[in-house]
Amino acid sequence: MVAASGNVVSQPTGSALLQPISQRLHTPLEQVNFVACQLVALLIAFWFRIYLNPSTAHPAVRHAFATFVGVYFAVFCFGWYSLHIFTLVLLCYCIMVTASVTNVHRYSFIMAMGYLTLCQINRVYIFNYGILATDFSGPLMIITQKITTLAFQLHDGLGRSFKALTKDQQQYSIKKKPSFLEYLSYHLNFMSVLAGPCSNFQDYIAFIEGRHIQLKLLNSKGNGYTKLSNPSPNEAVLYKLFVTAASLVVFVTFTKAFPILYVVDETFMRKASFLKRLGYLYIATQACKPKYYFAWTLADAVNNAAGYGFNGVDDKGKFRWDLISNLNIWNIETATSFKMYIDNWNIQTAAWLKRVCYDRAPKYRTALTFILSGVWHGVYPGYYFTFVTAIPVMLSARAMRNNFRHFFTTSTSWKFLYDIVTWIATQLAICYTVAPFVLLSVGPSIQLYRSLYFYLHIVCLLALIILPTKLNGRVFFKGHEPNEIKHSEEKQHSADHVKNHMS
């Protein structure tokens, strides 16, 4: 396996069964194993929904089957490294069983984040800033989200007064500790063990027990929906598979033609103009996105094929299968604000950040949320460059919008001009901010920002100094909750879209 930073190779630990296909396609075996397992999971998901549906199969059977297949996929893809995943799940189950309800969330959070961080540190030292295309840390990150989500919701249900909870916390609080089988199934089921996403424990149990769709129909606006038979996910699955295939084509034909490391090539930086360097940075960061579109959309399709992910009915009477969707590609590519962009990217991670950090932090909510996001992503310095840069970018973008937008809403033509300008500004701000996230290490990140004269840092700092701002401590998750965050509340309440944090 070749690391993204270029020169570190490791032997795969997963199954070598598909090695001939890997060699024929000139693709790392880990990627072939991952895609193969997800495609098999898609087929199993259809079978699971049709032949192990809740009307004919006991919940224990559904739990056991989903867990067994998920464990097999983990071992197939990661070999003995999958023990890290199983060990963390078992350790945190022991914590849940033995810890008091007043402390279960603290102990679970410390154990999960601590174990994840130790694994991340170990990987950095072993691979010397290399980031593997598909390795066990990805599933471990999802497991960490699930463990902490369940622990906090259990604490809400058993350790706090109902009146002290927010509406979201009230809805998803857990009133009794899960059984061992339920715990394993929630964390290791075949639909989400490889690529997620994280979802609420209550939603997952309702899905296994056959209450998931009717509960969402009851919460839908309009009349008569509760009398409908269970809606089919086939149309949603086919659409998401089309998006998955298109993303794969773009990745194969476009992504590899624009390597991100070229932005810090000495010759390129010396000879190219500022605008050319900025233009290439935009293209290269755009080229990084199809792999996320592919993995997250395919994971969403797998869950939908199994019958999980229904989110009620929209205002037009159309069934929604976006309860656990991780992105909205159209809104990402047409975003006219920094907030709109992150609202629609990695939606379920931002929902998790809101549940376990933002809603519970007594103060400094935005800063603590960014810090947690950075620690969860890993220990590469580039991650922290991105998240530290994102804070002033978000604050200044908000200040500029509040100070200037009303001048451009007087007519359609002025509003159109405003949208064009803000779209360009948003896309440039995103590629500038996230570049260190992809470059990983300190040297290339500083080198890139220096070649661009730290222009966005300077613009944001001047905007915050000059423009009047109103800061009330709810900058990141203010108003309409970030798509990824609303995705946990809005989706659960059948409203609009959701809010998201960083990738």
Side-chain angles (χ1 to χ4, degrees), residues 15 17-18 33-77 82 89 139 142 146 178-218 225-245 296-313 319-325:
S15 173
L17 178 66
L18 302 179
N33 284 348
F34 169 80
V35 174
C37 282
Q38 286 295 79
L39 293 178
V40 172
L42 181 69
L43 297 177
I44 293 176
F46 281 113
W47 183 89
F48 185 78
R49 177 170 58 87
I50 296 171
Y51 296 103
L52 277 186
N53 65 76
S55 62
T56 59
H58 192 274
V61 176
R62 285 166 59 83
H63 278 305
F65 180 85
T67 303
F68 176 80
V69 177
V71 168
Y72 177 81
F73 284 163
V75 174
F76 185 89
C77 286
S82 61
V89 170
I142 300 297
K146 290 184 176 183
S179 68
F180 182 59
L181 182 57
E182 289 174 334
Y183 196 87
L184 291 182
S185 176
Y186 172 63
H187 291 96
L188 302 175
N189 68 80
F190 74 92
M191 293 98 70
S192 62
V193 69
L194 296 182
C198 176
S199 62
N200 288 295
F201 179 76
Q202 298 279 49
D203 281 334
Y204 179 74
I205 293 300
F207 154 69
I208 289 293
E209 295 178 354
R211 299 179 286 107
H212 166 61
I213 289 178
Q214 290 305 315
L215 284 175
K216 297 302 177 184
L217 288 174
L218 284 172
Y225 292 128
T226 56
K227 300 177 182 178
L228 296 176
S229 59
N230 287 349
S232 170
N234 291 343
E235 182 179 347
V237 172
L238 287 175
Y239 170 75
K240 290 172 184 179
L241 290 179
F242 171 79
V243 173
T244 299
W296 289 342
T297 306
L298 179 56
D300 197 16
V302 170
N303 280 276
N304 290 170
Y308 188 34
F310 183 71
N311 197 28
V313 183
F319 294 128
R320 297 172 55 187
W321 286 90
D322 59 353
L323 177 70
I324 53 177
S325 295

Could you grab the distance from atom [atom1] of [X] to atom [atom2] of [Y], nearest 0.5 Å is fine?
{"X": "F207", "Y": "D203", "atom1": "CZ", "atom2": "CG", "value": "11.5 Å"}
{"X": "S179", "Y": "I205", "atom1": "OG", "atom2": "CD1", "value": "7.5 Å"}
{"X": "T244", "Y": "L39", "atom1": "OG1", "atom2": "CG", "value": "9.0 Å"}
{"X": "W47", "Y": "L52", "atom1": "CH2", "atom2": "CG", "value": "4.0 Å"}
{"X": "I324", "Y": "M191", "atom1": "CD1", "atom2": "CE", "value": "7.5 Å"}
{"X": "Y186", "Y": "Y204", "atom1": "OH", "atom2": "OH", "value": "10.0 Å"}

Residue list, salt bridge (charged side-chain N to carboxylate O under 4.0 Å, His left out) with E235, at least two apart or on another chain
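Per chain and number, E235 pairs via salt bridge (charged side-chain N to carboxylate O under 4.0 Å, His left out) with no residue.
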
Would a 4.5 Å heavy-atom cut-off, applied to side chains only, mark [X] and [Y] as touching?
{"X": "Y51", "Y": "T56", "result": "no"}
{"X": "L298", "Y": "L241", "result": "yes"}
{"X": "I44", "Y": "F73", "result": "yes"}
{"X": "R62", "Y": "F48", "result": "yes"}
{"X": "L194", "Y": "F76", "result": "no"}
{"X": "P54", "Y": "H212", "result": "no"}
{"X": "L217", "Y": "F319", "result": "yes"}

What about W321 and Y239, are their ring centers closer than 6.0 Å?
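Centroid distance W321-Y239: not below 6.0 Å, so no.
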
Smallest separation among heavy atoms of [X] and [Y], with atom names:
{"X": "V193", "Y": "G70", "value": "CG1-O, 3.7 Å"}
{"X": "C77", "Y": "C37", "value": "SG-SG, 3.6 Å"}
{"X": "I208", "Y": "H63", "value": "CG2-NE2, 3.4 Å"}
{"X": "K146", "Y": "S192", "value": "NZ-OG, 2.5 Å"}
{"X": "L42", "Y": "V237", "value": "CD1-CG1, 4.2 Å"}
{"X": "G196", "Y": "I142", "value": "CA-CG2, 3.8 Å"}

Between Y308 and S199, do the side chains contain a donor N or O and an acceptor N or O under 3.5 Å apart?
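Yes, because at least one side-chain N or O of S199 sits under 3.5 Å from a partner of the opposite role on Y308.
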
Has the side chain of [X] got a donor or acceptor atom that lies under 3.5 Å from a matching backbone atom of [Y]?
{"X": "R49", "Y": "A305", "result": "yes"}
{"X": "S185", "Y": "L181", "result": "no"}
{"X": "N53", "Y": "S55", "result": "yes"}

More than 12 heavy atoms of other residues, nucleotides or ligands under 6.0 Å from OH of Y72: is that the case?
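Counting other residues, nucleotides and ligands, OH of Y72 stays at 12 neighbours or fewer.
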
Would you find more than 12 non-hydrogen atoms of other residues, nucleotides or ligands less than 6.0 Å from F68 atom CZ?
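12 or below, so no.
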
With S325, which of D300, N303, T297 fulfils side chain to side chain donor-acceptor pair (under 3.5 Å)?
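Running side chain to side chain donor-acceptor pair (under 3.5 Å) over D300, N303, T297 with S325 returns exactly one hit, D300.
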
